[in-house]
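For reference, the structure is listed below as structure tokens.
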Amino acid sequence: MSNTIVVAQDFAKSLYESHETYKEKTITKRRFGYQTLVSIIEKLKSVPLFEVSTGTKSTQGRDIFLVKFGKGKTKVLLWSQMHGDEATATMALADIFNFFQKKDKFDPLRKELLEKCTFYVVPMLNPDGAEAWTRYTALGIDMNRDALALVTPEGTLLKHLQQSLKPEFGFNLHDMERRYSAGETGNLATISFLATAFNKAQDINPVRKKSMQVIAGMNRALQQFIPNSVGKWPSDFEPRAFGDNIQKWGTTLILIESGGYKGDPEKQHIRKLNFVAILTGLESIANKTYQKEDIRTYDSLPVNHKSIFDIIIRNVTIKKSGAVFKSDIAINRYENPVTGKDYFTTRSSIEELGDLSIFFGTEEINGIDLELVTEKEVSRGMKADLQLVKNGVVIYTIKNGTIEK
């Protein structure tokens, strides 16, 4: 292992261990809302390091903020929450704003980043969607399919920023469905990357190659904390999407998708991983160490796959329609946002019955000696309220998709 790689890994580990120092304490849940961001932005306005402006207003009249800092030649544009219900990286960006205001052992890094790069950050590109906790803008449009039509003010702003600033690098920050796996494995894809394609042939030009190189370094940093849980989003070309077009327009585009991590429903651990990944990527851009990365590292990342359910019960005895048989059962939980609140209710569903040997559960129960007991005959789509019984004794109770022993 080269000295450069060792230093980079030590740097990532130090960031990981220090994250709590920079964590924005006003955000403890991923559904924190527009006004919380406004409060954070108002504080930044009083810090000389930051230049805060309003890029435009959303359809419903909310300011879409642009935060500029640094004075270097290399321009980097970062944006989060173009989908309103994808807030994990927004939390990490708030932490990064705090990071740049501190004075500590990372001062040499801050100095390098601020002298070599100029950063432009849109922390919440779709504030209307964030308030409603929906993927879409107030017009009902997925703005990540608006790069060509430019119907939305949010999409129009993003293209304007790319065209006017002409950043060398762009970070497109998203959340993805939490049950994706890293390849056809039982490992949740906690973080996934994509060097977006700029054409249908998925060619690699110098702009896209740099995406792959930056991602290679970020992946290596994260493997220390989530081994075998870093994935790659499928690279199919989407001609309407911003990521694909921004790559096509000449900005090296790094897409980050925040997925799932066991025991982290509010994605606070994944927030920390975003903090580490983004700063690691920015550091490699500032000192150009990404140029030493082999794109084969990117190519080797496992492609996201749908291999995981929340719970799988294996080989349980089921009585149904007069038959007695052994079967696997898959259960998922789904979040239902509560209007005007920062929390969710949960509904559960029995997703599959039968041979699930090619799938995995985030939680698994060996039901070989157990019998399934439900109020009515088990079927796909029913609420997951059930008991697993052995010789008349309840061994497991599952209530609305949650295991209660």
Side-chain angles (χ1 to χ4, degrees), residues 29-31 85 133-134 175-190 226 228-229 231 258-270 304-339 341-405:
K29 297 181 179 181
R30 57 192 167 94
R31 190 180 180 188
D85 58 355
W133 199 249
T134 177
D175 284 57
M176 66 182 186
E177 204 273 324
R178 61 184 170 80
R179 284 182 288 269
Y180 275 105
S181 56
E184 296 183 41
T185 72
N187 300 320
L188 287 168
T190 302
I226 46 170
N228 303 312
S229 291
S258 295
Y261 186 84
K262 186 177 179 180
D264 187 27
E266 293 294 343
K267 295 194 171 184
Q268 297 303 299
H269 184 66
I270 306 177
N304 290 140
H305 198 268
K306 287 226 169 178
S307 296
I308 299 178
F309 295 94
D310 286 329
I311 301 172
I312 290 183
I313 305 167
R314 305 278 187 194
N315 297 309
V316 67
T317 297
I318 298 175
K319 295 178 180 179
K320 183 175 181 178
S321 300
V324 179
F325 59 98
K326 289 278 189 182
S327 178
D328 301 333
I329 300 176
I331 297 170
N332 280 338
R333 295 181 295 273
Y334 298 93
E335 294 176 343
N336 294 321
V338 179
T339 302
K341 303 296 183 181
D342 63 356
Y343 58 84
F344 309 86
T345 59
T346 301
R347 66 175 178 86
S348 62
S349 173
I350 293 178
E351 299 287 288
E352 294 286 348
L353 299 170
D355 179 3
L356 300 176
S357 57
I358 65 170
F359 295 98
F360 305 88
T362 300
E363 297 179 278
E364 295 203 3
I365 296 174
N366 182 357
I368 190 69
D369 295 321
L370 305 178
E371 179 184 341
L372 180 74
V373 176
T374 57
E375 287 189 2
K376 58 181 180 179
E377 284 193 340
V378 64
S379 63
R380 286 183 177 84
M382 69 180 286
K383 184 179 179 182
D385 286 337
L386 53 91
Q387 291 181 327
L388 302 175
V389 176
K390 181 177 182 179
N391 298 326
V393 178
V394 176
I395 306 300
Y396 294 95
T397 296
I398 298 178
K399 187 175 182 180
N400 197 21
T402 298
I403 301 172
E404 300 177 352
K405 293 186 179 180

How many angstroms lie between atom [atom1] of [X] and atom [atom2] of [Y], to the nearest 0.5 angstrom?
X: L188; Y: S229; atom1: CG; atom2: OG; value: 6.5 Å
X: T362; Y: N332; atom1: OG1; atom2: CG; value: 8.5 Å
X: Q268; Y: E266; atom1: CD; atom2: CD; value: 6.5 Å
X: T374; Y: L372; atom1: OG1; atom2: CG; value: 5.0 Å
X: D328; Y: I365; atom1: CG; atom2: CD1; value: 12.0 Å

Side-chain donor-acceptor pairs of residues 382-393 under 3.5 Å, sequence neighbours excluded:
unit_1 : atom_1 : unit_2 : atom_2 : d
D385   : OD1    : N400   : N      : 2.6

Look at the aromatic rings of F359 and F309 and report parallel, tilted or perpendicular, splitting at 30° and 60°.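 Rings of F359 and F309: perpendicular, over 60°.
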Going through the distances and angles, do R31 and D342 end up as a salt bridge (Lys or Arg N to Asp or Glu O under 4.0 Å)? CA-CA 5 Å; R31 190 180 180 188; D342 63 356; over 6 Å; no
Do the side chains of [Y] and [X] get nearer than 4.5 Å, heavy atoms only?
X: S349; Y: Y334; value: yes
X: N304; Y: M176; value: yes
X: S379; Y: K320; value: yes

Where do S258 and K267 land on the side-chain hydrogen bond (donor to acceptor under 3.5 Å, both in side chains) test, with the steps shown first? CA-CA 9 Å; S258 295; K267 295 194 171 184; 5.8 Å; no
Is a side-chain donor-acceptor pair under 3.5 Å present for K306 with S181?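 Side-chain D/A pair, S181 to K306: absent.
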Pairing of [X] and [Y] as salt bridge, 4.0 angstrom limit:
X: E335; Y: R347; answer: no
X: D310; Y: R178; answer: yes
X: R30; Y: D85; answer: no
X: R380; Y: E351; answer: no

